[in-house]
Each structure stands twice: as structure tokens, then as C-alpha cells.
Trainee: 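Could you have a look at this structure, given as C-alpha cells, before my questions?
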2 protein chains.
Amino acid sequence: MIKEERFELIRGELAKKGIVDGDELAALLDVSRATIRRDLDSLEEQGLLKRTHGGATAADSEDELPFHSKLAAYSREKRAIGNAAAERMPSGAVIGCTGGTTVMSVVKALKGKPITVVTNAINVAMELAPWESAQVIVTGGTLRARSYELVGHIADRTLGEFHLDIALLGVDGIDIERGLSTYTIAEAHAAAHYMSQAERVWVVADHSKAGKVAPALIAPISKVHCLVTDPGIDPGLRSRLEAAGLEVVLAEM
Amino acid sequence: MIKEERFELIRGELAKKGIVDGDELAALLDVSRATIRRDLDSLEEQGLLKRTHGGATAADSEDELPFHSKLAAYSREKRAIGNAAAERMPSGAVIGCTGGTTVMSVVKALKGKPITVVTNAINVAMELAPWESAQVIVTGGTLRARSYELVGHIADRTLGEFHLDIALLGVDGIDIERGLSTYTIAEAHAAAHYMSQAERVWVVADHSKAGKVAPALIAPISKVHCLVTDPGIDPGLRSRLEAAGLEVVLAEM
DNA sequence: TTGTAAACGTGCAAAAACGAGCATAAAAAT
DNA sequence: ATTTTTATGCTCGTTTTTGCACGTTTACAA
């Protein structure tokens, strides 16, 4: 029996029982405990399980969170932006939220506020689920692979039934000429739909997005009422954005 | 038996009974009282329970994790049921899923299988999000407070647009006379709707639900094709269920 | 309030598990 | 065929965990 074969069996046992015992594995696979320990070490290094004394437990099944990696970038700035945006959010507002890590920071800071949230991002909904203060409406739709956003005609139809006080958008690019943009058409479409249903449009983005243009265009700057970003934004760009009639809020850090 | 295994069983007992006795645990786990006391100390430090003289009670700060605590009750049985149900799930099937911890166990075991899942539970959707093998459709709707289920006319309308191969239901009670039942009307309504859209109905429930009747009735036993449960079910009850034309699958533990 | 029995905590010794190093055996490369 | 690499099992010293003993504290009832 080769190593990979053992790895497979160990993972199988782990999936079946949740907890494995070193002695049992040694007997089951007919190898020494030393080998089992080395195997468990390897598997732990791959993040497939968590070692304990005497065996191992299933790793907290956050196997592939494509968001965790992104969250690391500018996380300080995102947190500050989240707090600033949440602070300015009026109680009782009906808010439409796209997905995205910056929007998630705002949602986290909104905990406990009496608001209504309409969203097509299930991670936003999950975050608010334990809090009775917020009423949460999920649009429904098809879950985009490796994302947490719902898209398609179901999402569109549901969103069309709501009037929003504020559309809260996270974007990948914000530019004077080209306006708001993001990486995928589906996200751009959802963002544009939120804007069309909303009284006011707030954009949250760290300063690295300012001046950038991503492939999928959403809308011109003129449609945006407020941008919440961090103090790292270029002052000249900020002036031009304000000259375009956009309120720019700099989060305190 | 390793320490983590004891921890899990202690949490399970706690979730089942709400209060545990040190002597009972010592007898059940076949370790000394000193070890039990040390275990309880550890678990208290993790905030998973509250120590008392002679044992421990469930921690009351369940605001943050309304789900984790529930998961502990019969977690071994639920995992076994999840594996058994997932194994019997045909590739490519279109499955409708309610929420509930037992259904979540099945969904976790379905990782990597090529299936289509229609669900009104956002935690189910979150679990499947990283896996490209599954196509996930979320019904949308209003998020029930402190739960992860979407309800209301949006959920109904979306669900009505789908034909399901299998309705996968988690219930709180399954009884010969009264049929399937659950704790809230909203959940019962959702479950009944899944049933009406599905070719076949599978119910997953640990043996503690067998013979019980919860307040909100869903449907009679005759509408169910298959029950996946654990070997702890009363043999007489099992016979009567099978006599009623229901296939009963006992998960291997 | 006071007595009593059960439970608690601490110190200590035994047992189990761990990590590191080394020798052997198998596999791969030369 | 021989060398190099890799994998496995074993030993030994160290760390962690467990069980027991004993004095102290707590809960319950008279």
C-alpha cells in the first residue's frame, strides 16, 4: 500500500466519523503508529485535518474560501470603510447589497442596527442571520460557482419587486471617465439593477480601486451619490470626483 | 477513545438533555471522574457549556451560534445518516433541500457529486458554494430570524418553477398516525411544497424523531418513499413504517 | 444554623503519545 | 548494477494525559 492510498483512506475515515484515532488507523492500515503520525502531519500541513493528541479531527470545513484570500488585501482599510458606512446608515433604511468583501465589512459593522437588507449575496445573508434587528430578503437565483452571489432571472425578478432607499455597491474599479466597473458581467448586471431600484447609490471601495477600470462596466459616475473610501485615495482624484457631484467620505483609520 | 471524541460525546449529551452529570459521563465514556471534570473545565473555557457542581449545563449564550449547538445533538448519528443518504443519491439528480441539521449532514457528504440542488436554506447553499460539481439554485425569500431558511411568497413562487427528482426533508417528528411534522408552520409549508414538486420523497431524521409529533403537520407517511435513519430506531416502529410502504434505510455507524 | 455526603482541586505517579534520530528496506535514478 | 532517494519501523528521551489520594469546598437537609 502506498502513501497516497493511506491518505485517501484516512480522509475517508475522517469524513465518515469526524474524528480518527491513531491506534485504530494503525491497525486498519497495518502500519506502525510512527507512520500514521507522519501521515497525519502531512495531511495537516495540507490543511485537510487538525491534529490532536492521539489522532486527528476534521478541519473546519472552510476548505476553499475564495474570499479569505481576498479579504487579506487592504483589510484594515476595508474595516474602516465598513465602520464609516455603517455609521452613516440611517435606522430603518431599506438597503440593497451586492456581494464583495468591502460590502461584507459594512454588513459586519451593521450588526444590531434596525434595517431591511435586500441582497443576492448569501454570505451577506448568513452574516445577518443571527440578528433579529435586521430583516433580510434574499433574491434567490443561481449560485455562481466559487462565489456567493445569486444571479439569473430569478434574482432579477425578485429585485425588481423592491424599492430601495440605498443601493450599497462594492466595485472593482471607479473612474471619472468610465464610471463603475467590475470583473464579471453578472456582477455588473446585478449592481446596475440595484442602482435602478434605489433612491440613492453608495459605493464602498478601498483606494486601490480608484482610477481603475475593470472589464465589465456598470454605470457612469453621475449615477452615484456617495463614495466611502479610505484616506489613501489620491487627493486630485478625490477633487475631480467631488467636482462630478459625488460626496466622498473618507473613513477614519 | 481520544479526548476530542469525548468532547463531542459530552456536547452531544448536553444538547440532548440540557444538563449532564459527572458520574453518568464517567460511566458512559469509561473514564475517571477526574478526567470528566478536566474535560468539562476545558469545554467551559471554550464557552461550550456552563459548569455546575456535579456536572454541567448548556451554555446560554447561543446568540452567536444557534446552529453549532444544535449540531452537537446526535451528531454521530447525523453524520452516519448523511453518509448513507449521500451514497444512495444518484448522480445528476435534481434535489430539493429544506434546512435543518440532518439535511446539512447529507449535503456535507454530497461534496463533489454532480447534482443540482434547489434549496431555501442559505447554509446549505453556503456549504455547496465552493464546489463546482453542484449547481445550486436558491429560492429566495425572507430570512427567518435566527434560522437560515427563506420563506414567503418569493420562495414559494420560485420553488413552483422546478421539478425535483428527490425532495430531501429534515423533520422534527415522524409518526405512523400523524405523519411528518416540524416545529413551525413556515417550515412545514416549505417541506410540503418540496414534496408536491418532487418525484420521490426522502426523509432524513435520527431515531429520536421517530414516533414523535411536532406541532406543525406536513404530510401523511404515505407520501414518503424513503426514510434514512440510524440503527437506534425502535424495531417495532420500523416494522410498522415498512408495513406502511416506506423504505427504511438504517445508516451504518 | 449545622452536619453530612458528594463533588472539587491539587499534587503526584503511571501510562500513553509524541518527536527526533537512526537503521533497514523499497523504489527510483544513474 | 549501483547509487541515491524515499519511506518505514524501531528506540529513547520528553511531553501530555490520565487515574488515584487527600484535604477543602459546596449543596442539601434536618
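FYI, side chains are in, hydrogens and waters are out, and symmetry mates aren't considered; it's all heavy atoms of this structure. Order of the sequence lines fixes the chain letters, A, B, ..., with proteins taken first and strands second; residue numbering starts at 1 for each chain.
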Trainee: Please give, in whole Å, the distance from C:dA7 P to B:Ile19 CD1?
Mentor: 13 Å
Trainee: Starting from P on D:dT8, measure out to CG on A:Asp30 and report it in whole angstrom.
Mentor: 12 Å
Trainee: I need the CD-P distance between B:Glu44 and C:dG9, as an integer number of Å.
Mentor: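 Distance check: B:Glu44 CD to C:dG9 P gives 9 Å.
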Trainee: With no hydrogens and no angle check, is any side-chain donor or acceptor of B:Glu77 less than 3.5 Å from a backbone partner on B:Asp206?
Mentor: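 Checked: no pair found.
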Trainee: Does any donor atom in the side chain of B:Ser105 or B:Thr102 lie under 3.5 Å from an acceptor atom in the other side chain?
Mentor: no
Trainee: Tell me which nucleotide among C:dA7, D:dA7, C:dC8 gets nearest to the side chain of B:Arg37.
Mentor: C:dC8
Trainee: Tell me the interatomic distance from B:Asp41, atom CG, to D:dT17, atom C1', rounded to whole angstroms.
Mentor: 14 Å
Trainee: Could you work out which one of D:dG9, C:dG9, D:dC20 sits closest to the side chain of A:Ala34?
Mentor: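 Of the options given, the side chain of A:Ala34 lies nearest D:dG9.
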Trainee: For D:dA27, take OP1 and OP2 only and decide whether either is under 4.0 Å from a side-chain N or O of B:His53.
Mentor: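 It does, given that an N or O in the side chain of B:His53 lies less than 4.0 Å from OP1 or OP2 of D:dA27.
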Trainee: Can you check whether B:Arg51 has a side-chain N or O nearer than 4.0 Å to OP1 or OP2 of C:dC8?
Mentor: yes
Trainee: Do you see a donor-acceptor pair shorter than 3.5 Å between the side chains of B:Tyr194 and B:Asn120?
Mentor: yes
Trainee: How many whole angstroms separate atom CG of A:Leu29 from atom P of D:dT8?
Mentor: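 Distance check: A:Leu29 CG to D:dT8 P gives 11 Å.
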Trainee: Are any of A:Ser32's side-chain N or O atoms less than 4.0 Å away from OP1 or OP2 of D:dT8?
Mentor: no
Trainee: Can B:Glu8 and B:Ser75 be counted as having a side-chain donor-acceptor contact under 3.5 angstrom?
Mentor: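 Yes, because at least one side-chain N or O of B:Glu8 sits under 3.5 Å from a partner of the opposite role on B:Ser75.
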Trainee: Mind calculating the distance between CG (B:Asp21) and C1' (C:dA5) to the nearest angstrom?
Mentor: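 From B:Asp21 CG to C:dA5 C1': 15 Å.
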Trainee: Counting side-chain heavy atoms from C-beta on, which of D:dA7, D:dG9, D:dT18 comes nearest to A:Lys3?
Mentor: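 Selected nucleotide: D:dA7.
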Trainee: Could you state the atom-to-atom distance from CD1 of B:Ile2 to C1' of D:dT18 in whole Å?
Mentor: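 Value for this atom pair: 15 Å.
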Trainee: Donor-acceptor pairs under 3.5 Å, side chain of residues 235-242 of chain B to any protein atom, not counting sequence neighbours: which ones?
Mentor:
{"residue": "B:Arg238", "atom": "NE", "partner": "B:Glu242", "partner atom": "OE2", "Å": "3.4"}
{"residue": "B:Ser239", "atom": "OG", "partner": "B:Pro235", "partner atom": "O", "Å": "3.0"}

Trainee: Rounded to whole Å, how long is the line connecting atom CD of A:Glu45 with atom P of C:dG19?
Mentor: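 Computing the A:Glu45:CD to C:dG19:P distance gives 13 Å.
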Trainee: Examine the base of D:dG19 for any acceptor or donor lying under 3.5 Å from a partner atom in the side chain of B:Arg33, and report the outcome as yes or no.
Mentor: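 Flag unset: no donor-acceptor pair detected.
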Trainee: Counting side-chain heavy atoms from CB outward, which of D:dG19, C:dA7, D:dG9 is closest to B:Arg38?
Mentor: D:dG19
Trainee: Report the residue (B:Gly55 or A:Asp23) whose heavy-atom-nearest nucleotide on DNA chain C is the more 5′ of the two.
Mentor: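 Nearest nucleotide further toward 5': that of B:Gly55.
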Trainee: Under 4.0 Å, heavy atoms only, any strand: does A:Ser42 hit a base, just the sugar-phosphate, or nothing?
Mentor: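 Contact class for A:Ser42: none.
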